Visitor: 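Can you read through this structure? Questions will come right after.
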Amino acid sequence: QVQLVESGGGLVQPGGSLRLSCAASGTIFSINTMGWYRQAPGKQRELVATITSGGSTNYLDDSVKGRFTISRDNAKNTVYLQMNSLTPEDTAVYYCNAEVKRLPWVSTIPYWGQGTQVTVSS
């Protein structure tokens, strides 16, 4: 099986920063796109950012451009989300997602982390 474990969430004041991490473990041959989603109370889950296996950002939501940066360390099967200039509107549960190929001859399957709470409040 494959597990994604997120960390780095918490309570931060407006204008502050947090760095989320998501580490994948288990039977992994390769990981394609990795990404971060978020879900605020009463709202649908929305895509925040994605990054290719080569390390290129292929999506960054307009609401976070200039403030958030996505990166990954393929040697550690880990994706990061650096969040700066946080506002109360960024408050949500943040989920990581990874398109994982467990074996060379099987298709990629999406896996999800359990979510980490980010609260921006004074």
Side-chain angles (χ1 to χ4, degrees):
Q1 267 293 359
V2 174
Q3 290 185 327
L4 271 61
V5 179
E6 296 126 335
S7 60
L11 174 64
V12 63
Q13 292 186 340
S17 298
L18 283 175
R19 189 193 194 205
L20 305 182
S21 300
C22 172
S25 62
T27 303
I28 298 172
F29 174 73
S30 65
I31 303 178
N32 292 348
T33 299
M34 303 183 81
W36 290 95
Y37 292 70
R38 67 185 180 185
Q39 187 167 18
K43 295 186 177 182
Q44 290 187 332
R45 189 175 297 189
E46 63 178 6
L47 177 61
V48 176
T50 60
I51 187 167
T52 67
S53 57
S56 298
T57 301
N58 58 355
Y59 179 82
L60 196 61
D61 191 75
D62 286 343
S63 64
V64 306
K65 283 181 179 177
R67 302 188 299 122
F68 290 11
T69 302
I70 187 170
S71 61
R72 65 191 283 173
D73 184 335
N74 289 336
K76 297 180 179 179
N77 288 333
T78 298
V79 62
Y80 306 96
L81 187 67
Q82 177 67 44
M83 306 185 295
N84 300 327
S85 302
L86 285 161
T87 72
E89 288 68 38
D90 296 314
T91 295
V93 178
Y94 284 71
Y95 299 89
C96 71
N97 171 272
E99 299 287 331
V100 179
K101 181 180 286 286
R102 295 184 62 200
L103 296 167
W105 54 86
V106 301
S107 301
T108 58
I109 299 174
Y111 288 89
W112 291 90
Q114 80 287 353
T116 185
Q117 177 69 47
V118 171
T119 302
V120 185
S121 176
S122 55

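Atom set for the values below is all heavy atoms of this structure, side chains included, hydrogens, waters and symmetry mates excluded. In this text, all values refer to a predicted model and were calculated from it rather than measured experimentally.
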Visitor: Taking all non-hydrogen atoms of both residues into account, name the closest pair between Ile51 and Arg72 and its distance.
Guide: O-NH1, 3.4 Å
Visitor: Other than Leu103, what residues sit in its cluster of Ile, Leu, Val, Met, Phe, Trp and Tyr side chains whose heavy atoms are under 4.5 Å apart, directly or through others?
Guide: Trp105, Val106
Visitor: When you look at CD of Gln82, are more than 12 heavy atoms from neighbouring residues, nucleotides or ligands closer to it than 6.0 Å?
Guide: yes
Visitor: Quick one, Met83 with Arg67, criterion side-chain contact (heavy atoms from CB on, under 4.5 Å). Give me CA distance, side-chain angles, the key distance, then yes/no.
Guide: CA-CA 6 Å; Met83 306 185 295; Arg67 302 188 299 122; over 6 Å; no
Visitor: Could you measure the distance from the OG1 atom of Thr119 to the CG atom of Asp90? Nearest 0.5 Å is fine.
Guide: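 So the OG1 of Thr119 and the CG of Asp90 are separated by 11.0 Å.
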Visitor: Are Tyr95 and Val120 grouped together when hydrophobic residues (ILVMFWY) are joined by side-chain heavy atoms under 4.5 angstrom apart?
Guide: no
Visitor: Let me check something: do Val93 and Leu86 share a hydrophobic cluster, defined by ILVMFWY side-chain heavy atoms less than 4.5 Å apart, either directly or through other members?
Guide: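 Per the 4.5 Å side-chain linkage, Val93 and Leu86 are not co-clustered.
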Visitor: When clusters are formed from ILVMFWY side-chain contacts under 4.5 Å, directly or step by step, what else is grouped with Leu11?
Guide: none
Visitor: Identify the heavy atoms of Leu4 and Tyr111 that sit nearest to each other, and give their distance.
Guide: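 Distance-wise, the nearest heavy atoms are CD2-O, 3.6 Å.
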Visitor: Identify whether Ile31 and Tyr37 are in the same connected component of the hydrophobic contact network (ILVMFWY, side-chain heavy atoms under 4.5 Å).
Guide: no
Visitor: Report the distance from atom CZ of Arg45 to atom CG of Asn97, rounding to the nearest 0.5 Å.
Guide: 9.0 Å
Visitor: Do Ile70 and Met34 pass the side-chain contact (heavy atoms from CB on, under 4.5 Å) test, and can you show the C-alpha distance, the side-chain angles, and the key distance before you say yes or no?
Guide: CA-CA 9 Å; Ile70 187 170; Met34 303 183 81; 5.8 Å; no
Visitor: Working to the nearest 0.5 angstrom, can you tell me the gap between Gln39 CD and Glu46 CD?
Guide: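 Rounded to the nearest 0.5 Å, the CD-CD separation comes out at 9.5 Å.
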Visitor: Can any side-chain N or O of Asn32 pair as donor or acceptor with the backbone N or O of Lys101 at less than 3.5 Å?
Guide: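 Pair absent, no side-chain N/O of Asn32 close to backbone of Lys101.
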Visitor: Establish whether Val12 and Tyr80 are linked, either directly or via other cluster members, by ILVMFWY side-chain heavy-atom contacts under 4.5 Å.
Guide: no
Visitor: Which value, rounded to the nearest 0.5 Å, describes the distance between Thr108 atom OG1 and Arg102 atom CZ?
Guide: 13.0 Å
Visitor: Compute whether any side-chain donor of one residue and acceptor of the other, for Thr78 and Asp73, lie under 3.5 angstrom apart.
Guide: no
Visitor: With a cut-off of 3.5 Å and sequence neighbours excluded, list every side-chain donor-acceptor pair involving residues 14-25.
Guide:
residue, atom, partner, partner atom, Å
Ser17, OG, Asn84, OD1, 2.9

Visitor: Out of curiosity, Trp36 CH2 to Glu6 CD, how far, rounded to the nearest 0.5 Å?
Guide: 5.0 Å
Visitor: With a 4.5 Å cut-off on side-chain heavy atoms, are Thr91 and Gln117 touching?
Guide: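 Sidechains of Thr91 and Gln117: in contact.
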Visitor: Mind checking the CD1-CD spacing from Ile28 to Gln3? Nearest 0.5 Å is all I need.
Guide: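 Between Ile28 CD1 and Gln3 CD, I get 10.0 Å after rounding to 0.5 Å.
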Visitor: Might you point out which heavy atoms bring Ser71 and Val79 nearest each other, and give the distance in Å?
Guide: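 Reported closest heavy-atom pair: O-CG2, 3.3 Å.
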Visitor: When hydrophobic residues are tied together by side-chain contacts of less than 4.5 Å, even through go-betweens, does Leu81 share a cluster with Val64?
Guide: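 Yes.
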